[in-house]
Amino acid sequence: MQTENYADAWPEVLDERRDGDSVVLDLRIPDGLAYFPGHFPSMPILPGVVQIHWAIHLARGRFAMASRFQRMEVIKFKNLIRPRYVLQLHLNYQSPERRLQFAYRSHDEAFSSGRIYFHDE
């Protein structure tokens, strides 16, 4: 998928809180997100692969992570993420295990979560 404006490919980061190996990002999902057209025309939703991509990309900017993707575990998509949603992305990176845990949440509602493992080259 090509995007006319690279900025249209990312959520708006409203706030960031860090506590050791954990970061919580408050995100707003823009209306004009490049991934919405065609997914689906009558009810745009954020694709799961984009949620995983954002988690990895946003974590890399905040943690000294191992370089290469290895595998994913327990990836769960519980609720749909729609335009204009404001939610939190919880990131936790355990360096010894090279494991990134992510969870998209809003208050007590879970949207998606999982674990992603990395290894050095």
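The hydrophobic clustering, which links ILVMFWY residues whose side-chain heavy atoms are closer than 4.5 Å, places I56 and M72 together. Tracing side-chain contacts under 4.5 Å through hydrophobic residues (I, L, V, M, F, W, Y), one never reaches V24 starting from Y85; they form parts of separate clusters. Two different hydrophobic clusters hold F111 and V74 under the rule that ILVMFWY side chains link at heavy-atom gaps under 4.5 Å. Linking Ile, Leu, Val, Met, Phe, Trp and Tyr residues whenever their side-chain heavy atoms come within less than 4.5 Å places I75 and F118 in a single cluster.
Checked against R28 for a side chain to side chain contact (heavy atoms under 4.5 Å, CB included), the options V13, L87, L14 give a single hit: L14. Under the ring-ring contact (aromatic ring centres under 6.0 Å, His included) rule, H53 has a single partner from F102, W10, F69, Y35, which is W10.
Across every non-hydrogen atom of A66 and Y93, the tightest pair is N-OH, 3.1 Å. For the pair F77 and G48, the tightest heavy-atom approach, listed with the atom from each and the gap, is CE2-CA, 3.4 Å. Considering every non-hydrogen atom in both F63 and D21, the closest pair reads CE2-O, 3.3 Å. Minimum interatomic distance between P44 and R82 (heavy atoms only, all atoms of both residues): O-NE, 2.8 Å. Closest heavy-atom contact between A55 and L100: O-CD2, 3.9 Å.
One finds the NE2 atom of H107 at 6.5 Å from the CD atom of Q88 (value rounded to the nearest 0.5 Å). The structure places OG of S113 at 10.0 Å from CD of Q51, a figure rounded to the nearest 0.5 Å. I81 contributes atom CD1, which lies 5.0 Å from atom OG of S112 (distance to the nearest 0.5 angstrom). Here the straight-line distance linking atom NE2 of H119 with atom CZ of R68 works out to 5.0 Å at 0.5 Å rounding. Atoms CD and CG, from E12 and L27 in turn, are 9.5 Å apart once rounded to the nearest 0.5 Å. For the atom pair CD1 (I116) and CD (Q101), the distance works out to 10.5 Å, reported to the nearest 0.5 Å.
Salt-bridge formation is not detected for the pair R18/E16: no Lys NZ or Arg NE/NH1/NH2 atom is positioned less than 4.0 Å from an Asp or Glu carboxylate oxygen. A salt bridge does not link R17 to D19: none of the charged side-chain nitrogens sits closer than 4.0 Å to a carboxylate oxygen.
Judged by distance alone, the side chain of R84 and the main-chain N or O of D31 form no donor-acceptor pair under 3.5 Å.
Counting side-chain heavy-atom gaps under 4.5 Å among Ile, Leu, Val, Met, Phe, Trp and Tyr, the cluster of F40 also holds M43, I45, L80.
At least one side-chain heavy atom of P11 sits under 4.5 Å from a side-chain heavy atom of W54.
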- Message: Evaluate I29 against F36 for side chain to side chain contact (heavy atoms under 4.5 Å, CB included), listing each step before the verdict.
- Response: CA-CA 11 Å; I29 310 303; F36 287 143; 3.6 Å; yes
- For the pair R98 and Y117, evaluate side chain to side chain contact (heavy atoms under 4.5 Å, CB included) and give the outcome as yes or no after the intermediate values. CA-CA 6 Å; R98 297 180 175 125; Y117 290 82; 5.8 Å; no
